[in-house]
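First up is the structure itself, then whatever we jot down about it.
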Amino acid sequence: MEMMLSAQTYMGRVLMTLVFFLNIGTLVIYFIDIVEAEQLHFSFPHRLIYVDQFCNAFFVFYFGLRFVAADDKLRFWLELNSLVDFFTIPPVFVAALLKKNCFGLRSLRALRLLDLPRILQILRITKDDNSIKLSKLFAVFISTLFTAAGLVHLVENNGDPWVQPVNSQTIPYFRCMYLIMVTMSTVGYGDIVVQTVLGRAFIFFFIIGGLVLFANVIPEVLEVVQSRKSYKSSYEVMSGKNYIVACGNVTLKSVTTFLEDFLLQYKGNVCTEILFLGESLPSLELEAVFKCYSPYTTFFYGSALNSEDLKRVRMESANACLILADVCSPEPYAEDISNIMRVLSIKNHYPKTRVILQIIQSRNKAYLPNIPNWDWRMGDSIICFAELKLGFMAQSCLVPGLSTLLTSLFIGKENTETKRKHLKDKMLLGDKDYKVMALQLSNDFADMTFIEVCRLCFVKLNLILLGIELKFGSRGESAILINPSPQIKLHRNTMGFFIAHSLAEVKRAQFYCRVCHSDIQDPEQIEKCQCGSKSHSKTFSEKLKISIESLILDGEPAKSRVPHAQEKKSSSLPLYLTGRFHCCDAVPLHEALLSCKNQAVLYLQDHILVCVFGDAKSPLIGLQDFVMPLRATNFLYRELKDIVLLGPLEYLQREWKFIQHFPKLWLFSGSALSCADLKAVNVQGCAACVILSSNTPISNNPSLADTESILATLNVRSMEAKLNSSSLDAVFGAGALGNQSEPRYKRIPITTELKFSPNAHFINQAPSSSSDNPDEDLLSSTAAPAGAIFSDSFFHSLLSMTYYNHHILALLHALVTSRTSPALEQLEEEDSRMSRSLDDMVQNPYHVRCKLALLPLSKRWLPGVMQEDSFGDIYCKALDTFGILCFGLYRLMDEPNPYKNRFVIPRPANDLKMLPTDLLFSIVPFNIAITEDL
């Protein structure tokens, strides 16, 4: 019986719908009876009495069914629908029996209008949240109005039963409705008033409830109607106009950051419209942002998980869909999974739509290749915050200032005016800001080695070539190769990655012709020619043959490289599955755990100290993303530095299962807030100290979000001050590694992660900063050799950059994480299952990856270097002698500079004179060890 009356069965839905419409019918009959009784003065209306009796007889039958199905018989008698039946059914039968009007409390039948939202859902009339909410508000308001008007009509027309003579007054029912409406709205004209005691008592209590009801229902109705009108419309596609859809975490912070970075890419008029698909209505602040950017932004209320909402924003015609993530989410796994489900929804309905996704944790990337229609070749991209952030910080341990350099080259936010203050020759910088750009190379570079093309582009075209995209396989898979081996020959239609000021400069490499441009000295004169000397396009089979040949290496190093710097990898070294990372057998936790009593602590020197915070329940940071770039096989095994993880043991043991296969890894249970623990792990002798921010939110105030990181940084600096307090004159020496003229001590290089970047001023105001030089304080957060401050703001800009050119993201990923393309990694895994020998794996050009380094101007590796040499001279000597590619400069600031802080010069001018203390950002071949020889 209970199932028959529920909306889960067809019979139940029919009964509920029938009962609702019969209630509406009896309510209409009640209105008709009142009108006829008031206007025509009929003592008893005979025309509709039989219909009313039939309806109420059915209500009695339905009442019995509900009583039988009720679990709690006592509570059933007190239910609202039961009370309505008690007071409305008897008056109908009493009126028929006495043949006299008996209205009684029949107005309570209007309370059954509260079932309207459920009936509309059963009939599939209301489907979305707004329509359901609007129907509920309408039902509550109308049922209250009709019921209250009926009660006032009853007591005023009959008077108080204990008062003689009768104090009644004749008020029509619809005037009572008018009175109730005026009372609820608090207007109170006074043209109609109640005279009875019962009427006044009812109005007294109704004013309180009606005021609350009216004050809440009307604004909510207006809000729903207005939002439905404003944000539930459909987008109209205009021919020739580009637009993108942004969904996911659509909040004030994410929208503001995205718009600033996206519009920064435009030098002229904005020609791409941005549609924001938000799952919640925008706040007043967010609405103000949309109004400011109204010419090219539109907000739509809906979800990417709903196919109807995808149709409204015309997802099939969008240039791309950008899915924003909440980096500060307390549950990063749930945030990633929700965004992955959005990808699945989009790809299922519109498989050809390009998707750019932000995720927080790298291990969740494994779900995306399993999604149907996910295709890297179409430009589908993943921006993983943890992987890139920790990769940046890991590389900064080996290459100080790298984050500043890459930020300048990939995002273009470097302050040239600040750098200009620290150059003796200020004219050498010019007014150019250089960025990384990708463009297809001229086919005249085919069959040349990368080093040959690199030298030609630098000398002839005034361009620095960083790497190439090499295609392989029959399905168009590709991989990014940075400074690849000389055995790899370029083939036709190869894409190159350049450091240049503008696209016009990069096009020189696309237009270059051996016949027409060989004698031109001025790069500005290189333009597209019509000489017809270019050979015809090769067939697909010829291209595939070239690609396959380019994948084969004989394992021999370049003959131009110095013999003593070469070292062939030993087959005894453990390598991670596909040969991309050094690996070993799983190390038990107790064997890697250090303590003050452990003798291994005494030998810690030149190690990397990583300070983490967390507990047994806090979200994992993902330390494997930090360790993997430092264990890549582009480093020789003897180059690997020991990594010591300092933090709570209950947290470290949760991370350990993901990093237990990497060598030279140690744990120490403690805290960076304890000087004793820092001293135990020899923080004074470490090569770099990294302080990672906790993923556990400790305060709603952003200024307090980085409390632990800031205090730990100051704690490490206090250890540094104690170390150097004995000799102030010996705090810093010459910054270059090759300058040994004066024995000096080094400071502890600290890299601190901040969740809220404005908190950097807490660290910059530390006593170790120079207060006499304001420019030095300005740059100390990014370019000081003693440390860096790292925040997530850089990665928000990657979303816009990836939309314009997803190849740039692939290049940055290869530089920072030492990983190849997803298609190639899958191919490598298949090769590893075939049990290929280690020698074959090392000979694969994709395993022979270069490494980033910061090299001094040492005569040990550049014997012919002269004091008057320019950057162009050093570039050519390093490229010709070792195959080392230089692309940036790390220069000391002008005196006074007591702390020997440096600043970054991305892509120095060719004629920039070098200083003995300069350091070079370089891409070094894998078989050259970064030792004292360099």
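Values below: all heavy atoms of this structure, side chains included; hydrogens, waters and symmetry mates excluded. Model, not experiment: these values are computed from the prediction.
- Ring-plane geometry between Phe206 and Phe202 is classed as parallel, the angle between the planes falling under 30 degrees on a 0 to 90 degree scale with a further cut at 60.
- Considering only heavy atoms from C-beta on, Ile371 comes within 4.5 Å of Ile340 through its side chain.
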**Prompt:** Under the ring pair (Phe, Tyr, Trp, His ring centres under 6.0 Å) criterion, do Tyr231 and Phe299 qualify, and how do the steps go?
**Reply:** CA-CA 6 Å; Tyr231 303 126; Phe299 180 83; 5.1 Å; yes

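- A donor-acceptor pair shorter than 3.5 Å cannot be found between the side chains of Gln121 and Thr126.
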**Test log, rule salt bridge (Lys or Arg N to Asp or Glu O under 4.0 Å), inputs Arg109 and Asp52** = CA-CA 12 Å; Arg109 184 61 63 180; Asp52 201 11; over 6 Å; no

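- Under the 4.5 Å side-chain criterion, counting only non-hydrogen atoms from C-beta, Phe63 is not in contact with Asn81.
- Ring geometry for Tyr235 against Phe300 counts as perpendicular: the plane angle is over 60°, on a 0 to 90° scale with 30° as the lower cut.
- Ring planes of Tyr173 and His153: perpendicular class, angle over 60° (limits at 30 and 60°).
- Side chains of Asn157 and Thr170 form a contact here, defined as non-hydrogen atoms less than 4.5 Å apart.
- The main-chain N or O of Ile132 is found under 3.5 Å from a side-chain atom of Ser135 such that the two form a donor-acceptor pair.
- Within a 6.0 Å sphere centred on CZ of Phe138, heavy atoms belonging to other residues, nucleotides or ligands number 12 at most.
- Counting only distance, with no hydrogens or angles, the side chain of Ser338 and the backbone of Ala334 share a donor-acceptor pair below 3.5 Å.
- Within the 3.5 Å criterion, the main-chain N or O of Lys755 finds no donor-acceptor partner in the side chain of Ser693.
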**Message:** Working note: Arg175 + Glu156, criterion salt bridge (Lys or Arg N to Asp or Glu O under 4.0 Å); need CA distance, chi angles, decisive distance, verdict.
**Reply:** CA-CA 12 Å; Arg175 283 197 176 187; Glu156 289 299 311; over 6 Å; no

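- The side-chain heavy atoms of Arg66 and Tyr62, taken from C-beta on, include a pair separated by under 4.5 Å.
- Formation of a donor-acceptor pair under 3.5 Å by the Ser143 side chain with backbone atoms of Val140 is found in this model.
- For the ring pair (Phe, Tyr, Trp, His ring centres under 6.0 Å) with Phe276, the qualifying choice from Phe290, Phe262, Tyr301, Tyr293 is Phe290, the only one to do so.
- Classification of the Phe31-Phe174 ring pair by plane angle, with boundaries at 30° and 60°, yields tilted.
- Between Leu286 and Thr251 the shortest side-chain heavy-atom distance does not fall below 4.5 Å.
- Sparse packing is recorded around NZ of Lys291, with 12 or fewer heavy atoms of other residues, nucleotides or ligands lying under 6.0 Å away.
- In summary, the side chains of Asp191 and Tyr178 do present a donor paired with an acceptor at a separation below 3.5 Å, with no hydrogens or angles considered.
- Side-chain atoms of Thr88 never come within 3.5 Å of backbone atoms of Leu108 as a donor-acceptor pair (strictly under, hydrogens ignored).
- Heavy-atom contacts from other residues, nucleotides or ligands closer than 6.0 Å to CD of Gln195 number more than 12.
- Using a distance-only test at 3.5 Å, with no hydrogens or angles considered, no donor-acceptor pair links the side chain of Asn364 to the main chain of Ile359.
- Within the 4.5 Å cutoff, side-chain heavy atoms of Arg314 are placed close to those of Ser234.
- Asn167 approaches Gly159 most closely through the heavy-atom pair OD1-CA, 3.5 Å.
- A donor-acceptor contact shorter than 3.5 Å is absent between the side chain of Ser345 and the backbone of Arg342.
- Checked by atom type and distance alone, the side chain of Arg112 never pairs as donor or acceptor with a backbone atom of Ile24 at under 3.5 Å.
- Panel note: side chain Asp615, backbone Lys617; a donor-acceptor pair is recorded below 3.5 Å.
- Contact annotation: the side chain of Val152 never approaches that of Ile171 to less than 4.5 Å [non-hydrogen atoms, C-beta and beyond].
- With contacts defined as side-chain heavy-atom distances shorter than 4.5 Å, the pair Leu277/Cys321 does not qualify.
- Side-chain atoms of Lys311 do not come within 3.5 Å of backbone N or O of Glu316 as any donor-acceptor pair.
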